[in-house]
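Every number for a ligand or one of its atoms is a count from 1 in the order of the listing.
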Amino acid sequence: MSHSADPRPMTARRTGPLSGEALVPGDKSISHRALILGSMAVGETRITGLLEGQDVLDTARAMQALGAQVTQHGPGDWSVHGVGVGGFSSPADVIDCGNSGTGVRLIMGAVATTPISVTFTGDASLSRRPMARVTDPLSQFGTQITAREGGRLPITIQGAADPVPVTYRTPVASAQIKSAILLAGLNAPGDTVVIESEPTRDHSERMLAGFGAQIRTETTSEGHKITLTGRPELRPQPVAVPRDPSSAAFPVAAALIVPGSEIRVPGVSRNPTRDGLYVTLLEMGADITFENPREEGGEPVADLLVRHGPLKGVTVPADRAASMIDEFPILSVIAAFAEGTTVMNGVAELRVKESDRIDAMAVGLRANGVTVEDTRDTMTVHGAAQVAGGGHAVTHLDHRIAMSFLILGLATQQPVTIDDAGPITTSFPDFVPLMMRLGATLD
Ligand SMILES: O=C(O)C1=C[C@@H](OP(=O)(O)O)[C@@H](O)[C@H](O)C1
Ligand SMILES: C=C(OP(=O)(O)O)C(=O)O
């Protein structure tokens with residue numbers, strides 16, 4: 001489902017020190033996977049801390065359309081009665097994945113080796129995004145796939161009745177490609193193998209192991225190699241979803257750039273495959289302390305204590321990009337307030353997210369007085385002690401662009417406006433009230 005068609009403009013104004021506790025929502029990647037794997041297990045999976053953002057609600061609805069029983073018991077507290085590996089049935093209608101690349105790509109994988117027919121659609125943003133990166137490897141299982149020209153949505157999948165396992169080297173570092181193949185491999189006999197040159201977020205591997213699948217990861221001369229043995233019976237597991245480090249990045253950024261701020265962000269995942277922003281911020285000299293490190297729901301988590309302080313520009317190496325791929329828009333905002341230049345390398349994938357995020361950030365930052373250079377796969381931001389603001393940013397149905405510019409406006413001399421705050425509901429429905437409770441001025 002797409003968010004409401006009426007755009008909701010919003011303005012962020014220069015704010016006094018931020019303080020308090022920011023309880024950010026559950027991790028989006030883990031929430032999608034908990035619903036999908038719960039639906040492919042036999043029996044009841046209980047999920048706590050589920051992100052109730054539109055992207056995840058669309059996946060919940062898709063699982064129901066495919067035959068699983070998905071029930072909300074309270075805020076963040078959900079259960080899924082799964083149908084087992086190979087147990088999905090043809091849905092009565094098309095499956096609309098709204099704005100969610102993760103939703104559509106993982107669910108295409110999950111249905112690819114079950115002999116049912118499913119048509120997928122999405123909003124204007126998702127309909128522009130490349131899908132051949134997933135449908136190409138899925139067709140190797142024996143799946144019949146028809147897509148709109150250029151490999152775009154709408155896509156119809158006729159799942160393979162007699163699937164064969166696949167060995168696939170991913171052409172770009174993408175957890176969505178990897179996960180789609182692994183989910184398809186669940187109902188193929190024998191071993192399905194994915195080889196990636198850079199490790200990407202490993203939530204699928206962790207959760208598949210937790211649900212009892214035979215899966216192993218090795219670093220080989222070919223790259224990072226994941227081998228899944230097909231046709232397991234998945235056993236339901238309670239899933240406690242940790243708080244999302246990608247969502248935490250927004251209040252963290254606000255505290256770093258608004259003078260005098262000090263905030264606490266508890267229970268945030270510190271999964272090393274998601275930690276690149278925090279590694280980078282420490283290199284920039286950010287005052288962040290990771291307190292009370294512990295394990296929750298199979299993921300390392302910590303409480304973040306973040307204080308405003310001087311920051312310096314850094315060069316982010318290309319091999320770190322996968323571990324912070326969704327955090328570059330907000331890093332570019334933080335970099336605008338750092339002393340010196342921040343160079344972000346190996347970020348070409350940002351051009352095929354909900355929007356072309358390099359272009360959206362570069363254009364919007366320039367409109368607010370920041371000097372930015374970009375190439376196909378790099379972005380360079382020149383920091384300054386003061387940032388003028390006073391500009392307007394176009395968000396292109398992209399939640400992370402919307403939130404990034406609202407954070408920018410909390411520390412600029414003049415207010416920053418965005419054309420539409422609506423897409424924020426996809427990943428962080430409570431963003432505006434949460435930021436206002438910390439002291440932000442958003443209207
Ligand atoms: O697997 C996932 O949950 C995700 C993987 C990343 O996409 P890619 O796999 O396209 O890099 C990321 O940008 C997205 O927000 C979530
Ligand atoms: C890229 C993102 O999500 P998706 O690919 O699931 O739409 C994101 O949340 O930043």
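Atom 9 (O) of ligand 2 has its closest protein heavy atom at Lys28 NZ, 2.7 Å. Looking only at protein heavy atoms, the nearest one to atom 6 (O) of ligand 2 is Thr102 OG1, 2.5 Å. Summary of contacts: the protein heavy atom closest to atom 10 (O) of ligand 2 is Arg400 NE, 2.5 Å. Annotation: atom 3 (O) of ligand 2 to nearest protein heavy atom, Glu354 OE2, 3.0 Å.
Residue-ligand proximity, Asp326 to ligand 2, at heavy-atom distances under 4.0 Å covers atoms 1 (C), 8 (C), 9 (O), 10 (O). Heavy-atom proximity to Gln176, at under 4.0 Å, picks out these atoms of ligand 1: 1 (O), 2 (C), 4 (C), 5 (C), 6 (C), 7 (O), 8 (P), 9 (O), 10 (O), 14 (C), 16 (C). Close approach of ligand 2 to His399 (heavy-atom distance below 4.0 Å) involves ligand atoms 8 (C), 9 (O), 10 (O). Annotation for ligand 2: atoms under 4.0 Å from non-hydrogen atoms of Gly101 are 4 (P), 5 (O), 6 (O), 7 (O). Each of the atoms 1 (C) of ligand 2 lies under 4.0 Å from some heavy atom of Lys353. Those atoms of ligand 1 with a heavy atom of Asp326 less than 4.0 angstrom away are 12 (C), 13 (O), 14 (C), 15 (O). Every atom of ligand 1 with a heavy atom of Thr102 under 4.0 Å away is listed here by number and element: 2 (C), 3 (O), 4 (C), 14 (C), 16 (C).
Considering backbone and side-chain atoms together, Ser174 places an N or O closer than 3.5 Å to an N or O of ligand 1. The shortest N/O to N/O separation between Arg105 and ligand 2 does not fall below 3.5 Å.
The residue from Arg169, Arg201, Lys178 that alone fulfils the salt bridge (Lys or Arg N to Asp or Glu O under 4.0 Å) condition with Glu196 is Lys178. When Thr102, Asp58, Thr59 are each tested for a side-chain hydrogen bond (donor to acceptor under 3.5 Å, both in side chains) with His32, only one passes: Thr59. Each of Val333, Thr11, Asn368 was evaluated against Val416; a single residue qualifies, Asn368, per the side-chain contact (heavy atoms from CB on, under 4.5 Å) test. Of the options Ser29, Ser204, Ser174, a side-chain hydrogen bond (donor to acceptor under 3.5 Å, both in side chains) to Ser179 is made by Ser204 and by none of the others.
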Next on the checklist: The test is salt bridge (Lys or Arg N to Asp or Glu O under 4.0 Å); show your working for Asp326 and Arg357 and say whether it passes.
Outcome noted: CA-CA 9 Å; Asp326 295 338; Arg357 288 179 171 168; 3.6 Å; yes

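Residue Glu233 qualifies as open at atom CD: its count of foreign heavy atoms under 6.0 Å is 12 or below.
Salt bridge absent: Arg33 and Asp27 never bring a charged side-chain N and a carboxylate O closer than 4.0 Å. A salt bridge is absent between Glu327 and Arg274: the closest approach of a Lys/Arg side-chain nitrogen to an acidic carboxylate oxygen does not fall below 4.0 angstrom. Ion pairing of Arg129 with Glu354 is present here, as a side-chain N (NZ or NE/NH1/NH2) and a carboxylate O approach within less than 4.0 Å.
Of the options Arg105, Arg33, His32, the smallest heavy-atom separation from atom 1 (O) of ligand 1 is shown by Arg33. Counting heavy atoms only, Arg129 comes closest to atom 5 (O) of ligand 2 of the residues Glu327, Arg129, His32, Glu349. Distances from atom 3 (O) of ligand 1 to the heavy atoms of Ala175, Gly101, Ser29 put Ser29 nearest. Remark: among candidates Lys353, His203, Arg129, Arg274, the nearest residue to atom 6 (C) of ligand 1 is Lys353, based on non-hydrogen atoms.
Contacts between Lys178 and ligand 1 below 4.0 angstrom, taking non-hydrogen atoms only, are absent altogether.
Put simply, OG on Ser332 and CZ on Phe405 are 6.5 Å apart, with the number rounded to the nearest 0.5 Å.
For the residue pair His224 / Thr217, no side-chain donor-acceptor distance below 3.5 Å is found, with atom types taken as modelled.
Heavy atoms of Ser100 approach ligand 2 to within less than 4.0 angstrom. By the 4.0 Å heavy-atom criterion, Asn99 is counted among the residues contacting ligand 2.
Residues Ile47 and Val241 meet the side-chain proximity criterion, which asks for heavy atoms closer than 4.5 Å.
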